[in-house]
Every structure is written in C-alpha cells, then in structure tokens.
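Reading through the structure tokens given below for one structure.
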Protein chains: 2
Amino acid sequence: MSDIFSTVGKKPSLSKSVESQIEDAIRVRAFKPGDRLPTEQEMCAQFGVSRTVVREAARMLHAKGLISIEKGRGMFVRSVSGESAAAPMNRYLQMHFERSYVMDVVRARQILEPAIAELAAKNRTDDDLNRLAADIDALRQAEADQRELSDLDTQFHIDLARASGNSLMPLLLDPIHRLLPEIKTSIYAAVDDAKESAVQWHSEIFEAVRSGSAVAARAAMVEHLKIAEAHAERMLRRQPKTSPVS
Amino acid sequence: MSDIFSTVGKKPSLSKSVESQIEDAIRVRAFKPGDRLPTEQEMCAQFGVSRTVVREAARMLHAKGLISIEKGRGMFVRSVSGESAAAPMNRYLQMHFERSYVMDVVRARQILEPAIAELAAKNRTDDDLNRLAADIDALRQAEADQRELSDLDTQFHIDLARASGNSLMPLLLDPIHRLLPEIKTSIYAAVDDAKESAVQWHSEIFEAVRSGSAVAARAAMVEHLKIAEAHAERMLRRQPKTSPVS
DNA sequence: GTGGAAAAGATGTCTGACATCTTACCTGGC
DNA sequence: GCCAGGTAAGATGTCAGACATCTTTTCCAC
C-alpha cells in the first residue's frame, strides 16, 4: 500500500532498509528458525551503518515477531507460528468488535466449517484420522476446567481444517476459534451437556470423515453448528450485558 | 511458572516498558487516531529515559502498525486497520506456503465469497452500494499497470465482504486477497480479457446485491469464481515454475 | 501582499562510553 | 583428576552529545 508512495518521493530510512534486508534473508531461509543472527557489530560492518540503525531495525523485527532478542546472548530467528500470526488479528478484533460479534463468529463458522468437513472427508490422511481420534478421546476423558474443555474442543476443529488438505483453512479458522476464548468457556459453563454434545457430534463428523462420505460429513457439521448457535444464543440470554473487561 | 520467579527473573527492558505504556495510552483512547504523540524529547522528559529508549519504543509501535513516524513532523496514532492486523498473517502465509497455495487460495474464495455475496444481498446499506459502484467504475476506467488493476479488483471483493454485515468477513478475506499480489497481476498479464471479465461479473454481482436477490448474487459469484479458477489454471500452465524472486 | 530565504523544531544517523547479562574459561582447592 | 567459584570476554541495554535532513513557520525584502 504505502510501498507505491515510498518509491515516489520518499526515501526509505536506513533502519527500514536494513530491516527489509534482514527480513528478506529470513524469508528466503538464509537464516532458519532458531538460528542466531550476526551480532550488532557484525551487522554494522556488513551494512556499513551505525549501531543505532541496526538496533532499531532489530527492534522492528522483534515487534513483528520475526526475531527474539536476548540480552547478553544475541538475536534469534523465531519460528513464526500460526498462532502468533493470528495474535494481532485477535487484538484488532477485541478492540473493534461490538457485542454482535458473537453471532458473527457463529455465522462465520457456519460458512467455513461445513466446507471444511466436506474437504476433509475427501482428503484426510491416516495421520489426520489419528489426530482427530485423539482429540475426541481427550475431550471425552477431560473433566477439567472449562477453559481446557474449550481448548480441546477447538483443537478438533483446527485439526479437521488441517485434514481438509487446503493449507489456508487452519489459518482462517484459527482466529475465529481463538476469538475471545472466554466466550467458549462461558458456553461450557452455561450449558450443562455441552461437552457430551460436542463429543457426540465430533464423533459423528469423525466417522463420516473416516468413511470418506463428504455429504455425511457436511451434514453432521451443519447440525453440530446449529446446536452451537443455539448454545451461543442461550449463553447470550443469560449474560445480556457482557462488558469488555480488558 | 511461579509468580515469584517471574517478578524476580524477568526485568522488562526500558524500551519495552515505555512501549507498553504508550500502547496502553493508545488503547484506552488517551490518544485518538490521527493525534500527534508528544515529541521524542517530551517523552524523554516524561519517562525519564534517554532518546534511544523512546526511539526504540516508537520503532516497535511503528512495526506493530499502531503509529506512523514522519520525519520532520512527528509521530501519529494510526487507526488500526484490518489490513495491518492481517499483515502478520500474510507474512506467515508467504513464508509457509508451497506452490500449491495458488489453487488453495482459489478454493478458499469459492467457499467464502458465495456466502458473502448472499449476505451482502440481504444486508447491504446504501453506503455499501455507493462504494461498490465506485469500485466497478474505477476498474472499468483503469488502464494502468497490472498491479493497479489487481488492487482495484481486490477492493470490490473487500467492500462486498464489508457489505455482508458480518464484521469478520472483510478480515478473513483480506489475507486471502493480498496473498502474493503478484499472482493476481500475473493473471492480469496472462489473460487478455481479464479486466473485461471482472467488470462484467462485478456488475452482475452488484445488480443482484442491489436488488436484494441473495440467490442471484450467490450464483453470479459462483460463476465469477469459476472463471477466476480457469484464469489461475491458465496462468499456472504458462509459468509452470514460478520461483520466488529475490 | 506575495515570494523566498532563514530559523525553528522534528525525526534520522553517527559516535563513544558505560551498564548489565550470559557464557566460557581458567584457576584454585579438594 | 574433578569440581566450584571467580573472572574475563562478548553480547545486548542505556546514556549523552553532536550533526544531518526534512517540515513548518516566521519574517524580511520586493
């Protein structure tokens, strides 16, 4: 966006330039996750700039989550996780969303996840099936706090997205599911049989995916999400005035 | 692990601390978007730290997209856009994706966008219609480089997502559309009538949305994306070995 | 009143120094 | 010979001052 303007009339600052060069080096895997970057002084010599410039470039890369800086040790390339990539999006949503977002989240799931279930039935591997089965078992045996139940519930859906074979799906689903986890925990707290319902429907989806039945997988997911919608509505009626804590 | 150790063993650096304080001030709207922040020297005095610390804190906030820094003018609070929130996600995708992602992107659009068109037909406001009409006109009259055509094309789809009334949709669609813009420009370069096709189908979708026909809007979008899929396949056949530049 | 030059104020960069943290080495005692 | 502890080396963190460059304002001359 601002790239166009920066080429015309604007001279990118040295720190920006250095930052881009390091970022590119990380991008093309010249430095792999976990690797230690050259020291500040080495970079100063290599780029022919002062320590100030190198440090400010490093701070920007650190803020972007690409590197970690440890005092006395050095700078290290971070393995960018999907979760950390989704974190700024979550921040943004938490700052901008109104109360209605709860139903927006539900509707977004109703758009994405039936298609995901369908794709998973067609493309799932044996590894995917093992992961999904483990997710269901973990949820079935869990008796812990609602937060853990919520996380286990989420894990099944993320792994299902992974099984879809479309590498975008887990990334699109992740911010949706991690949006205000307290919402999901609220549901698990407000709805008594939420866990049993989840286990049941997850199992049904799993069976359809295992047998390769795309139609059944989609149908099961649609039903699962209808119930999730009802749960969300019930939770909203109980807590009509959820004010952001922050 | 334990709180005691974390308080003892973790001493956040000064620049981190200053960054957090400024970020909090922005979050609680002590500084509103567009406002000018105090100058470096004023902050130095206020926080009792050196210019180095303030500058590095500012660089981090800049990298996070919360402020903009203009040489000779000052630092300004940016209105956090969905785009900047999606930027880390885009980086992540660009770093992790294989060549197959091109078709993954197309498939993801085929899942999301028909539903978006349907919702837009139901929920669009007059403002939405004005924006969409302007987008189509801009694309129709554009004769510029392929990059601009690609951007204008994208804008229509983002605005359509906005018109859906589901605040998650623009945010989910943004990373998809901005994924490697060169792919879209490649399509505009490889396919002669790509622009005319886009204008035609955008207009058809617009008409359906304007008249409030959800079924027609979905159908038009499905057709539009079928053609987009064909374009992508043609582009892939022409450039069977797209190697990352730089 | 207008135009342009100069001044003021802001960020960008450089330099050198010292502080603090981590690691490795090296030495002393057992 | 081995282990413990201190010490030194190397890395990032912070400070201070200076100058460069860009933007805006001021003010003087025409």
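On a predicted model such as this, the values are computed, not experimentally measured, just so you know. In what follows, chains are A, B, ... by sequence order, proteins preceding strands, each numbered from 1.
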Of A:Glu40 and B:Val53, the one whose closest DNA chain D nucleotide lies more 5':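 That would be A:Glu40.
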
For [X] and [N], what is the distance between atoms [atom1] and [atom2] respectively, to the nearest whole Å?
| X | N | atom1 | atom2 | value |
| --- | --- | --- | --- | --- |
| A:Glu56 | D:dT14 | CD | P | 13 Å |
| A:Arg51 | D:dA18 | CZ | P | 20 Å |
| B:Met43 | D:dT14 | CE | P | 17 Å |

Distance-only donor-acceptor check, side chains B:His177 and B:Gln155, under 3.5 Å: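 No - no donor-acceptor pair under 3.5 Å links their side chains.
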
Please classify the nucleic acid contact of B:Gln41 as base, sugar-phosphate, or nothing, using heavy-atom distances under 4.0 Å.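 No contact at all - B:Gln41 keeps every heavy atom at 4.0 Å or more from the nucleic acid.
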
Checking all strands, does A:Thr52 fall into the base, sugar-phosphate, or nothing category for heavy-atom contacts under 4.0 angstrom?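 Contact class for A:Thr52: base.
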
In chain order, what residues pass the side-chain hydrogen bond (donor to acceptor under 3.5 Å, both in side chains) check against A:Asp137, with sequence neighbours excluded?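 Once residues adjacent in sequence are excluded, the partners of A:Asp137 under the side-chain hydrogen bond (donor to acceptor under 3.5 Å, both in side chains) criterion are A:Arg140.
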
Below 4.0 angstrom, N of the basic side chain to O of the carboxylate: do A:Glu23 and A:Lys64 qualify?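 Salt bridge flag = yes for A:Lys64 with A:Glu23.
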
A:Arg131 side chain reached by A:Asp159 side chain, heavy atoms, under 4.5 Å: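 Yes, their side chains come closer than 4.5 Å.
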
Is B:Asp127 close to B:Asn130 at the side-chain level, that is, under 4.5 Å between some pair of heavy atoms?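 Touching, per the 4.5 Å side-chain cut-off.
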
Quick one: on DNA chain C, does A:Ser50 or B:Gly74 contact a more 5' nucleotide (nearest heavy atom)?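 Closest to the 5' end, via its nearest nucleotide, is B:Gly74.
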
Closer than 3.5 angstrom, by distance alone: can the side chain of B:Asp128 be matched with the main-chain N or O of B:Thr125 as a donor-acceptor pair?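 Pair found, side chain donor or acceptor close to backbone of B:Thr125.
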
Which nucleotide span of DNA chain C, 5' end to 3' end, has atoms closer than 4.0 Å to non-hydrogen atoms of chain A?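 Nucleotide range in contact with chain A: C:dG12 to C:dT23.
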
